[in-house]
*Asks:* 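Below you'll find the structure I mean.
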There are 2 protein chains.
Amino acid sequence: MMPNAIMDQQDDETVELGDIKLSPGFLLRIAQVKAFESFFAQIGGLGIKPGEFTVLWVISLNPGLKQGTIARTLHIKPAHMTKLVSRLAKDGMLERTPDTADRRAVRLTLTPKGEGFVARNRAKFLDTDLAQRVALTAEEAETLNALLRKFTGLD
Amino acid sequence: MMPNAIMDQQDDETVELGDIKLSPGFLLRIAQVKAFESFFAQIGGLGIKPGEFTVLWVISLNPGLKQGTIARTLHIKPAHMTKLVSRLAKDGMLERTPDTADRRAVRLTLTPKGEGFVARNRAKFLDTDLAQRVALTAEEAETLNALLRKFTGLD
DNA sequence: CAGATTTAGTTTCCGCGTAAACTAAATTCT
DNA sequence: AGAATTTAGTTTACGCGGAAACTAAATCTG
């Protein structure tokens, strides 16, 4: 029979990706999916998400920073930042204090609970060794990091 | 006056990020945000999203592939894949044809419209030159690509 | 072959993150 | 100083993507 080209296609799992494997955007998406999986596999039980921890981390390094400044730095949109901060405040991780000089602005500081949480989980979240757990050598991992820093403009 | 440590904090924009700049997960997230921005700046007007184009692309290279196989390959969850494919079908980009042998499975092929769309926008979507538009040299961009491919296991 | 299990895909429900509209405060411009 | 504009943050409405429950078909097992 063999009627048309569709029938020639095997239903096996070998999929041709072609040049899309060269697209930075595509590669970055897949890479982030893997990083996410790795993140939750390692510390899914803690009930906190990458963005939330990052905010706590930045506040711990810059106590009293304005909410908007942090949002801009971490590419978090204002509307989302409001909810994220509310969640963390409700969890007792941080405190909002309105700025005395500019009464629109909100300054953020960690509570002792928040400080403890960051200190305790610091190593797990930074997981600079993620790359090692994949196929990269230490040197490759460092190169990848450096190129990503340059790509993102964080250098 | 200068009452407490909070007041020492300047409200300027210099934010200390510390070791989080070494975290692959963090770097990947920022990198992907940038890639997204670049994507929409370049072709936002076309009314299609990265994931959608990628699916069309893969079907064009593998006509008649099963929906689930594509989803697994591209790390798209089944529930999301259903909606994504429905959208593309409604737009007349692709056709679903139930497999004759396995009546649960759905095979996907592009319509002429879909084929034309992929052919026409191929270059814009692959944008291998994204890296160039940032701070990377051609060689660095290639290294970054190679490391991401290895990291993601696509090599 | 009948019952149990697995597999493909869909539907329902929900949360995250965004855009748009809004409030309030600060700043700019005559 | 008073009106217009800008800025900080919140609220509301919504769409995307995911988890869980579900349907239907195929496969496995005794």
Side-chain angles (χ1 to χ4, degrees), chain A residues 9-13 15 29-30 32-34 36-37 39-41 44-45 47-55 59 64-91 94-108, chain B residues 9-13 15 29-30 32-33 36-37 39-41 44 47-55 59 64-91 94-108:
Chain A
Q9 177 65 48
Q10 309 303 343
D11 53 0
D12 59 33
E13 300 284 315
V15 179
R29 173 171 165 270
I30 304 293
Q32 224 211 344
V33 168
K34 295 207 76 163
F36 246 73
E37 283 170 358
F39 178 93
F40 284 111
I48 197 166
K49 276 158 290 178
E52 294 169 346
F53 182 83
T54 307
V55 167
I59 299 172
L65 214 55
K66 285 196 279 189
Q67 173 170 323
T69 303
I70 299 179
R72 262 190 307 281
T73 304
L74 299 180
H75 297 271
I76 297 173
K77 296 288 185 301
H80 180 210
M81 189 67 177
T82 296
K83 296 180 202 172
L84 195 157
V85 166
S86 300
R87 251 179 279 156
L88 292 172
K90 184 151 49 184
D91 287 356
L94 56 78
E95 247 170 51
R96 308 152 146 167
T97 43
D99 188 300
T100 46
D102 183 343
R103 290 177 15 249
R104 298 168 306 179
V106 177
R107 296 198 175 272
L108 302 177
Chain B
Q9 177 64 50
Q10 308 304 343
D11 53 0
D12 59 33
E13 300 284 315
V15 179
R29 173 170 165 270
I30 303 293
Q32 223 212 343
V33 168
F36 244 73
E37 283 170 358
F39 178 92
F40 284 111
I48 197 166
K49 277 158 288 176
E52 294 169 346
F53 182 82
T54 307
V55 167
I59 299 172
L65 213 55
K66 284 196 281 187
Q67 173 170 324
T69 304
I70 299 179
R72 263 189 307 282
T73 305
L74 299 180
H75 296 271
I76 296 173
K77 294 291 184 300
H80 180 211
M81 188 68 176
T82 296
K83 297 178 204 172
L84 196 157
V85 167
S86 300
R87 251 178 278 155
L88 292 172
K90 184 152 48 185
D91 287 356
L94 56 79
E95 246 169 52
R96 308 152 149 174
T97 43
D99 188 299
T100 46
D102 183 343
R103 289 178 17 250
R104 297 167 306 178
V106 177
R107 296 198 175 272
L108 302 177

*Asks:* Go nucleotide by nucleotide along DNA chain C from the 5' end; which of Q67(B) and K83(B) gets its closest nucleotide reached first?
*Replies:* Q67(B)

*Asks:* Between C1' on dC14(D) and NZ on K77(A), what's the gap in Å once rounded to a whole number?
*Replies:* 16 Å

*Asks:* Rounded to whole Å, how long is the line connecting atom CD1 of I70(B) with atom P of dA8(C)?
*Replies:* 14 Å

*Asks:* Between dC16(C) atom P and H80(B) atom NE2, what is the distance in whole Å?
*Replies:* 18 Å

*Asks:* Check this one for me: any side-chain N or O of R103(A) less than 4.0 Å away from OP1 or OP2 of dA26(C)?
*Replies:* yes

*Asks:* Expressed as a whole number of angstroms, how long is the span from R104(A):CZ to dT7(D):C1'?
*Replies:* 4 Å

*Asks:* Does the side chain of R107(B) get closer than 4.0 angstrom to OP1 or OP2 of dG9(C) through an N or O atom?
*Replies:* no

*Asks:* Roughly, in whole Å, what's the span from CG in D99(B) to P in dA24(D)?
*Replies:* 19 Å

*Asks:* What is the separation between atom CG on D102(A) and atom P on dA26(C), rounded to the nearest whole Å?
*Replies:* 5 Å

*Asks:* Base, sugar-phosphate, or nothing: which does A101(B) touch, judged by heavy atoms less than 4.0 Å apart?
*Replies:* sugar-phosphate

*Asks:* Examine the side chains of R29(A) and T54(B) and answer whether a donor and an acceptor come within less than 3.5 Å of each other.
*Replies:* no

*Asks:* What is the separation between atom CG on L88(B) and atom C1' on dC16(D), rounded to the nearest whole Å?
*Replies:* 14 Å

*Asks:* Taking C-beta and beyond as the side chain, do K49(B) and F53(B) meet within less than 4.5 Å on heavy atoms?
*Replies:* no

*Asks:* Remember a base hit wins even if backbone is also touched, and classify A79(A) as base, sugar-phosphate or nothing at under 4.0 Å, heavy atoms.
*Replies:* base

*Asks:* Heavy atoms, side chains only, cut-off 4.5 Å: are E95(A) and L108(A) in contact?
*Replies:* no

*Asks:* Quick one: R96(A) CZ to dA8(D) P, roughly how many Å, whole number?
*Replies:* 17 Å

*Asks:* With the threshold set at 4.0 Å, does a side-chain nitrogen-carboxylate oxygen contact exist between E37(A) and K34(A)?
*Replies:* no

*Asks:* Any chance you could lay out the side-chain contact (heavy atoms from CB on, under 4.5 Å) test for V15(A) and T69(B), step after step, and finish with the verdict?
*Replies:* CA-CA 8 Å; V15(A) 179; T69(B) 304; 3.7 Å; yes

*Asks:* Given dC16(D), is OP1 or OP2 found less than 4.0 Å from the side-chain N or O atoms of K49(B)?
*Replies:* yes

